[in-house]
Amino acid sequence: MADPTTESGPAAAAAPQTAPPIDDDSPAGPDAMPPVPDDGELELPYWLTSTEEAANTSFPQMVRRLPRLLREAWLLGWRASPRTTLAVLILQVAAGVAAAVGLISVVGVLDGLLQAGPTPERVRAAVPSLLLLILALALRGLLASAATAAHGRLSPMVYEAAEMRLLDLTTRVDLATFDDPGWRDAMERARDRGIFAAQQVVDHGIEVLTHLVGLAAAASVLAVLHPVLLPMLVLAVVPTAWAAVRSAKLGYRSKLRLIAVWRRQRMLAYLLAAREPAAELRAFTVRRFLLTEVGRLLRISTLEEIRVIGRKVRTNLVGQALSGLATGLAYVVLLWLLWTGRMELAAAGGAAYAINIGIGKLTELAFTANRVYEQGLYFSDFQGFCEMSLSHAEPEPDRPAPDGFREIRLDEVTFSYPDADRPAVNGVSMTLRRGQIIALVGENGSGKSTLAALLAGLYRPQKGRVTWDGVDVARVGPEAMREQVAVVMQEPTRWPLSARLNIAIGRHDRPATLAAVQESARAGDAHGFVVELPRQYETLLSRHFTDGADLSGGQWQRLAVSRAFHRDASLLICDEPTANLDARAEHEVYRRLRDLAAGRTVVLITHRMASVREADRIYVLDHGVVVEEGGHEELMAADGLYAQLFTLQADAYRSE
Ligand SMILES: Nc1ncnc2c1ncn2[C@@H]1O[C@H](COP(=O)(O)OP(=O)(O)OP(=O)(O)O)[C@@H](O)[C@H]1O
């Protein structure tokens, strides 16, 4: 199987594999970094073209997209919690209306005070509006606080719902999708910014609503006072809005350009800091080589970010200057209205106040709408990933899985990994009967693990079919099928759980007594070392936790074998279960496997030919094709690839 830490796909392709040497032993500071050698690193990878389209959206296109984004944001909130979403909506609108009443009252107060006549009369005329203003402000304060509280509840709920949706879809796609670099990159983008963006789109979507209500109040006051003031208000804000949108696009495009660089840099940084490669990193003295490469990649992203910040500042400066001019023009128009007697002084006072509030609200609206749009770009990554994953989700046929089997058949099964030149398994046919031990033999890369994964229902064949007692497994729910299969992986997962749970997780859905776990541990030859751990079966197996312990490679493997025994499934697939085991443990495991095979079927992949000879049937693979099959004696007599491999190993032992 492929190494999970190996970088493949566009990110790796985008980054040169060599790093210029540095002669300083200390971690390289910015000045010591080598010059950026390759501008090509900043090229947009081909798999980002659709996202690039989103980043190229023009200002009017963005304005057209906004309503859809806002609708989706509200839908997201609604899915997370309909009650809280409704509460936020009602409270925000009510707070906005109270604020609008406050604004109108201010105009009323000004109107009263600026009237002609003696001062006491003018003050008296202003009092009702003043009382209304106080009431409106108090109400607005209360409603806004309640809205903030509801919003504060909704926001983490949206985050939780988005994270859960992402994890749910990520684990629902079929295993082959994980080998697709396009999907993995989409997942990275969705995880990296998409979840946060989903929350932000909802948050800012709510703010947009608040500002809209405030703006409607200011606009209606202006429209009543003099309609010509309305377009002046809009004119004053357009340049700010344009600058905000342009800045966001600059930032987004820059992030798109850097994603391949970041992926590579993070992967290398992980290797530098992780425990597993720490020994090899020192043994091969690759520290400086990797540090140089990380430094080079960081330098690329630093320079790009500095460049983008400069462009953003210039854009905003232009926007603000133009907005300042347009605001001045609005006040000139107001003066002209006064001058020409088209407006009373009292109305002009109210209008000046409304223009001031209106510009404030419009500017806030422009910035918030832009944030919705900006986060919307990342949010569309999230949505795109969800759609992509749904289309790759494992089918869920409702046909029940057969309860066990007497015979499993593979007919002309072919499977290719995404983008592979040739199939990893090519036209393989075989029959596995209950109670048999089947061995898969072949050189590295001949397709054994892939064939085992097909048998376990982890991959679906592109051609041919797998049947259990005549039932095509493609027509049965994959989860139900896998309930009857146990697998010992070539590189078993080291679950950061207790020793007990590391075994019990094999049947996590059923409560397991310690005695049952111990029995499985004995079967996998793990009991002996587990009882020597500081807290025995309750010892946490991860160095990342206080009091956590780590195991040797062989001990982890014995734990994985115990886990598979604990699963108690009718098909047991062991992909090199003894690769890390010492001779005694290996002997024990095979003895147990033979016992276990009595009511079950065991598929065994191993390079240890001595363990294969007792298998009931041996399949020899070469380049994904079964080239020989039969019992040990039969295959030795045929004097083909099997005989060659067996004799080679036997001779090596004899010469020792
Ligand atoms: N996840 C993957 N993505 C793409 N190609 C893969 C993947 N896993 C395996 N392959 C390729 O498929 C072919 C068969 O690999 P497989 O792991 O099945 O061989 P194997 O016989 O189990 O090898 P080994 O004895 O080294 O474990 C190889 O050419 C390998 O490079």
Side-chain angles (χ1 to χ4, degrees), residues 1-13 47 170-171 173-188 267 392 394 410 413-430 438-464 466 485 487-493 553 556-557 560-561 572-581 586 602-612 615 617-629 635 640-642 644-646 648-649:
M1 287 274 184
D3 179 357
T5 60
T6 305
E7 183 73 344
S8 60
W47 40 270
T170 305
T171 45
V173 300
D174 54 18
L175 191 60
T177 304
F178 267 86
D179 299 318
D180 175 357
W183 179 83
R184 279 213 313 271
D185 283 314
M187 176 175 66
E188 187 137 342
M267 190 194 75
H392 284 88
E394 291 193 304
L410 269 72
V413 166
T414 296
F415 177 83
S416 303
Y417 287 101
D419 301 330
D421 296 339
R422 58 195 171 98
V425 166
N426 196 355
V428 167
S429 299
M430 57 169 61
I438 307 287
L440 303 181
V441 175
E443 291 172 286
N444 290 136
S446 54
K448 303 180 296 295
S449 294
T450 311
L451 185 56
L454 284 160
L455 276 167
L458 296 173
Y459 291 134
R460 274 172 292 156
Q462 282 115 7
K463 276 193 220 149
V466 181
V485 184
V487 187
V488 181
M489 299 280 180
Q490 207 172 45
E491 282 172 36
T493 305
W556 274 114
Q557 206 159 17
V561 174
L572 174 63
I573 298 173
C574 301
D575 193 349
E576 296 194 44
T578 58
N580 289 320
L581 296 196
E586 182 185 356
V602 177
V603 175
L604 186 62
I605 300 174
T606 179
H607 291 289
R608 308 216 178 171
M609 304 302 282
S611 317
V612 169
R617 197 148 188 89
I618 302 163
Y619 289 88
V620 186
L621 282 131
D622 187 23
H623 291 96
V625 177
V626 173
V627 287
E628 292 169 28
E629 60 174 284
L635 291 175
L641 182 59
Y642 178 82
Q644 251 179 45
L645 295 173
F646 191 90
L648 215 64
Q649 241 179 46

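Starting from 1, each residue takes its place in the sequence as its number. Values below: every heavy atom of this structure, side chains too, minus hydrogens, waters and symmetry copies. Start at 1 and go down the list; that is how both ligands and their atoms are numbered.
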**OP:** Please say whether Gly447 places an N or O atom under 3.5 Å from an N or O atom belonging to ligand 1.
**Re:** yes
Original post:
When the ring planes of Tyr417 and Tyr459 are compared, do they come out parallel, tilted or perpendicular, using 30° and 60° as the limits?
Top reply: perpendicular
Subject >> Smallest separation among heavy atoms of Phe178 and Arg184, with atom names >> reply: O-NH1, 2.7 Å
**OP:** With rounding to the nearest 0.5 Å, note down the distance linking CG in Leu621 to CD in Glu629.
**Re:** 10.5 Å
**OP:** Kindly give the heavy-atom pair with the smallest separation between Met609 and Tyr642, and that separation in Å.
**Re:** CE-CE1, 3.5 Å
**OP:** Considering the heavy atoms of Asn444, write down every atom of ligand 1 situated less than 4.0 Å from one of them.
**Re:** 23 (O), 24 (P), 25 (O), 26 (O)
Original post:
Can you find an N or O of Tyr459 that's nearer than 3.5 Å to an N or O of ligand 1?
Top reply: no
**OP:** Looking only at non-hydrogen atoms, find the nearest pair between Gln557 and Pro492 and report the distance.
**Re:** CA-CG, 4.4 Å
**OP:** May I ask you to list the atoms of ligand 1 that are less than 4.0 angstrom from any heavy atom of Glu443?
**Re:** 21 (O)
**OP:** May I ask you to check whether Gly442 has an N/O atom sitting below 3.5 Å from an N/O atom of ligand 1?
**Re:** no
**OP:** Indicate the atoms forming the closest heavy-atom contact of Pro461 with Val413, along with that distance.
**Re:** CB-CG1, 3.7 Å
**OP:** Look at atom 4 (C) of ligand 1 and find which of Tyr417, Phe178, Phe415 reaches it with the closest heavy atom.
**Re:** Tyr417
Original post:
Going by the order shown, which atoms of ligand 1 are within less than 4.0 Å of some heavy atom of Thr450?
Top reply: 14 (C), 15 (O), 16 (P), 18 (O)
**OP:** Give the atoms of ligand 1, by number and element, whose distance to some non-hydrogen atom of Gln490 is under 4.0 Å.
**Re:** 27 (O)
**OP:** Under 4.0 Å from a heavy atom of His607: give me the atoms of ligand 1 that qualify, with their elements.
**Re:** 25 (O)
Original post:
Evaluating non-hydrogen atoms only, which member of Ala176, Pro418, Gly445, Ala420 is closest to atom 29 (O) of ligand 1?
Top reply: Gly445
Original post:
Does Lys463 reach the main-chain N or O of Asn426 with its side chain, forming a donor-acceptor pair under 3.5 Å?
Top reply: no
**OP:** Using a strict cut-off of 4.0 Å, indicate which atoms of ligand 1 neighbour a heavy atom of Ser449.
**Re:** 17 (O), 18 (O), 20 (P), 22 (O), 27 (O)
Subject >> Between Thr177 and Asp180, a side-chain donor and acceptor under 3.5 Å >> reply: no
